[in-house]
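Here the structure comes first, spelled out in structure tokens, and everything after it is commentary.
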Amino acid sequence: MCLSIPAQIVEIVDLDERRVRVDAVGVVSEVPLALPVGEAGGPLPGDWVLLYHGRAIASIEPDEGRARIAALREIFPVSD
């Protein structure tokens with residue numbers, strides 16, 4: 001089974017190479033986008049995307065991102 005993980009874009013690292021830095025449930029990493037970036041109509045910093053196999057594959061609404069994170073935390077509880 002494969003899961004896509006919701007993440008929020010923190011910054012655009014390289015517009016030409018379509019690379020962004022994302023925060024996925026507290027884990028910040030740099031990933032490539034499989035969709036347009038920024039001014040080309042794609043996601044900007046603060047927007048939410050779905051990560052799949054280390055690549056941002058789709059934009060999602062912020063409420064959907066937060067709901068998916070809540071669901072993942074119910075399935076995979078983590079103690080602080």
Supply the atom-to-atom distance [X] [atom1] to [Y] [atom2], rounded to the nearest 0.5 angstrom.
{"X": "Asp47", "Y": "Glu61", "atom1": "CG", "atom2": "CD", "answer": "9.0 Å"}
{"X": "Ile69", "Y": "Glu74", "atom1": "CD1", "atom2": "CD", "answer": "13.0 Å"}
{"X": "Glu64", "Y": "Ser59", "atom1": "CD", "atom2": "OG", "answer": "10.5 Å"}

Applying a strict under-4.5 Å side-chain criterion to I, L, V, M, F, W and Y, I'd like to know whether [X] and [Y] cluster together.
{"X": "Tyr52", "Y": "Leu50", "value": "yes"}
{"X": "Leu15", "Y": "Val31", "value": "yes"}
{"X": "Ile12", "Y": "Val10", "value": "no"}
{"X": "Val20", "Y": "Leu51", "value": "yes"}
{"X": "Val28", "Y": "Leu33", "value": "no"}

Requested in this report: Taking Arg21 for its side chain and Glu11 for its backbone only, find out whether a donor-acceptor pair lies under 3.5 Å.
Outcome: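 Not at all, since once roles are kept as given, no pair shorter than 3.5 Å links the two residues.
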| field | Any donor-acceptor pair under 3.5 Å from Gln8 side chain to Trp48 backbone | value |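 Not at all, since once roles are kept as given, no pair shorter than 3.5 Å links the two residues.
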Is there a side-chain contact between [X] and [Y], using heavy atoms and a 4.5 Å cut-off?
{"X": "Leu3", "Y": "Phe76", "answer": "yes"}
{"X": "Val25", "Y": "Arg73", "answer": "yes"}
{"X": "Ile5", "Y": "Leu72", "answer": "yes"}
{"X": "Val22", "Y": "Ser29", "answer": "yes"}

*For Ile75 and Pro77, which heavy atoms make the closest approach, and how far apart are they?*
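Heavy atoms only, the tightest pair is O-CD, 3.2 Å.
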I need the minimum non-hydrogen distance between Gly65 and Ile60, along with the two atoms involved.
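Closest approach of Gly65 to Ile60: CA-CD1, 3.6 Å.
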Name all residues meeting the side-chain contact (heavy atoms from CB on, under 4.5 Å) criterion together with Glu17; count only those two or more places apart in sequence or in a different chain, and write none if there are none.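 So Glu17 forms a side-chain contact (heavy atoms from CB on, under 4.5 Å) with Asp14, Arg19.
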Asp16: salt bridge (charged side-chain N to carboxylate O under 4.0 Å, His left out) partners, not counting sequence neighbours: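 For Asp16, no residue satisfies salt bridge (charged side-chain N to carboxylate O under 4.0 Å, His left out) once neighbours in sequence are set aside.
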Next item on the list: Give the intermediate values and the outcome of side chain to side chain contact (heavy atoms under 4.5 Å, CB included) for residues Ile57 and Val49.
Entry: CA-CA 7 Å; Ile57 61 166; Val49 293; over 6 Å; no
